[in-house]
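Numbering starts at 1 and runs along the sequence shown. Being a predicted model, the structure only gives us computed values, none of them experimental.
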Amino acid sequence: MSRSELQHPAPGPVMTDPVRFPSGASSPVRTKRAFVLLLMTLLVPGSAQIVAGDRKLGRTALRVTLAVWVVLVAAVLLLVLNRTLLINVITNPFASLVIIVVLAALALGWAFLFLNTLRLIRPVLLAPGARPAVVISLVIALVLGSGTLGYAAYLLNVGRNAIGNIFSTGPAIDPVDGRYNFLMMGGDAGDDRTGRRPDSLSVLSVDAKSGQTAIISVPRNLQNAQFSEGSPMRKIYPDGYNCGDECLINAINTEVTNEHADLYPGVADPGAQATLEAVSGTLGLKVQAYVLVDMAGFAKLIDAMGGIKIKAGGWVPMSGYFDEVTRTHGMPLGWIPAGEQTLDGEHALWYGRSREYVDDYSRIQRQQCVQQAMLKQLDPATLLSKFEDIASAGTKVVESNISSSQLGSFVDLAMKAKGQQVKRLTIGPPDFDASFSTVPDFDVIHTKVDQLLASASGPQADAPTDGMVEAAAAGGHLQAAAPLRPVAGLPADMPAQQTPPPSDFTPVTTTPDGEPITAELLNQLKRQGNEEAIRELVATNGQCAPL
């Protein structure tokens, strides 16, 4: 070694550097160093290793961190520029599995970096009083970082399983005349039942570009339903489903399941498909897909959401046992009061299904209100905070032939629809005479459906349409126009009865004499057999508005 080399040795590590060599630093500096390294690992994984540990490990971690940031920026850009594509990627079975694996790997890698950072901190060098604070901070940072990624992977897997259980893997559907039309059916799916009789039938029609939505409710007791062109059932009932009082539209599911399933080879649920064809032919509307919801699943979904808030126009009974001989219900199991209510799943289910003392059309109005309340309250905050419970309850949807490959498009449409007015039509009161469902005029139905969809498409959507029951965009409240004309049983020159906007109604909470209506009063009338008085007191229970 030369004299100059002895006098001027090559630069080497500075042993007094407190970041890489904390043993020579003061106690306060070591404590500060520990918290800084933890913060660096939380905010920029790998940076702590670069400055105080294995630089090779740190460089690898930084490359991964940079790649993750690039992916996040790309996801944000997709969210802004092409939200549908982003949702399709997340909901795609293969892509979502890859994302889950990557998130799990990142969570484990981040956890390893935190443990490596703890080694770099060297807790034995810290003052005894500082050690617990550093360990607690490490645990908090580990939960915020690695734990968040792990939980995100878990939630994505929950959603992936729910999508696989609910939706089909069939081909995508195309809009018809610029709209997607879905049949929503609600019914009981008990193990002792063969073929479900839907309790509720409604078509959700959504503009494929704007998301503007219309809902058409079909009463379950509609007779002489027309099967669409090409339906196998049209060969059996060429003039409509007409075989007397038993041939109601909700009986098609059971009949086809039990007697005509061979007409639908390769179809997962022939009864549901035949019902879809009957609704299509009846409305003169091509319905492309259906969703059949079990009522028990419906209740669990509302519970998962934390309940729904409504304003009820009148008292609704939770009906007791039904006596087949006298054709009457026994003492109610309970009552849902008039006024502002927060309903859990069980009470929301009763609220939407009860029809004692009133007709089916009051029940339809309540069902529509429950649907509105659910849509209004299923906001991003609720979805994120209760995602696991909502996804689990969602698997109670008995079946759907909607392709999972189109979830991105439909979720995007749902987000566009939020805040827009929802126009409504009921094939019965208040839009038609109560007897209309027994002897329906299908030309009138087709005309009114066409008017409804024209008013819910494009720039015309903001213009009111005669006879349509509409949901106002502001606050999701309902507004009603005059009943549809012509209406079966009403003379053409009869003045239209104006229905007050449902959101403006005053709940009936007292008797005509001013006495408060209570469950005790209603039960007393029931024990006295004075059912007519009960009918008068609860006559307004079809009025409802979401809060």
Legend entry - For the student: nearest non-hydrogen atoms of Tyr264 and Ala274, plus distance: OH-CB, 3.5 Å
Legend entry - Inter- and intrachain pairs under salt bridge (Lys or Arg N to Asp or Glu O under 4.0 Å), touching residues 505-526, at least two apart: Glu356-Lys526, Lys526-Glu531
Legend entry - Closest non-hydrogen atom pair, Gly271 against Asn253: CA-OD1, 3.4 Å
Inset, instruction - Measure up the Phe227 and Tyr241 rings against each other and bin them: parallel (under 30°), tilted (30 to 60°), perpendicular (over 60°). - result: perpendicular
Inset, instruction - Locate the shortest heavy-atom distance separating Pro516 from Leu521; write the atom from each residue and the value. - result: O-CD2, 3.8 Å
Inset, instruction - Indicate the atoms forming the closest heavy-atom contact of Trp315 with Asn541, along with that distance. - result: O-ND2, 3.2 Å
Legend entry - Those residues that, when tested against Phe182, pass ring-ring contact (aromatic ring centres under 6.0 Å, His included) (two or more places apart): Phe410
Inset, instruction - Kindly indicate, with the supporting measurements, whether the criterion side chain to side chain contact (heavy atoms under 4.5 Å, CB included) is fulfilled by Leu283 and Ile445. - result: CA-CA 6 Å; Leu283 299 180; Ile445 293 176; 3.9 Å; yes
Inset, instruction - Return the set of residues passing side-chain contact (heavy atoms from CB on, under 4.5 Å) with Asp441 (not counting sequence neighbours), or none when no residue passes. - result: Phe436, Asp443, Val444
Legend entry - Heavy atoms from other residues, nucleotides or ligands near CD of Glu229 exceed 12 (cutoff 6.0 Å): no
Legend entry - Partners meeting side-chain contact (heavy atoms from CB on, under 4.5 Å) with Lys309 (sequence neighbours left out): Thr342, Gln377, Leu547
Legend entry - All pairs passing salt bridge (Lys or Arg N to Asp or Glu O under 4.0 Å) where residues 275-284 contributes a residue, at least two apart: none
Inset, instruction - State which residues pass ring-ring contact (aromatic ring centres under 6.0 Å, His included) with Tyr351; sequence neighbours excluded, sorted by chain then number. - result: none
Legend entry - Exceeds 12 heavy-atom contacts within 6.0 angstrom, atom CG of Asp344: yes
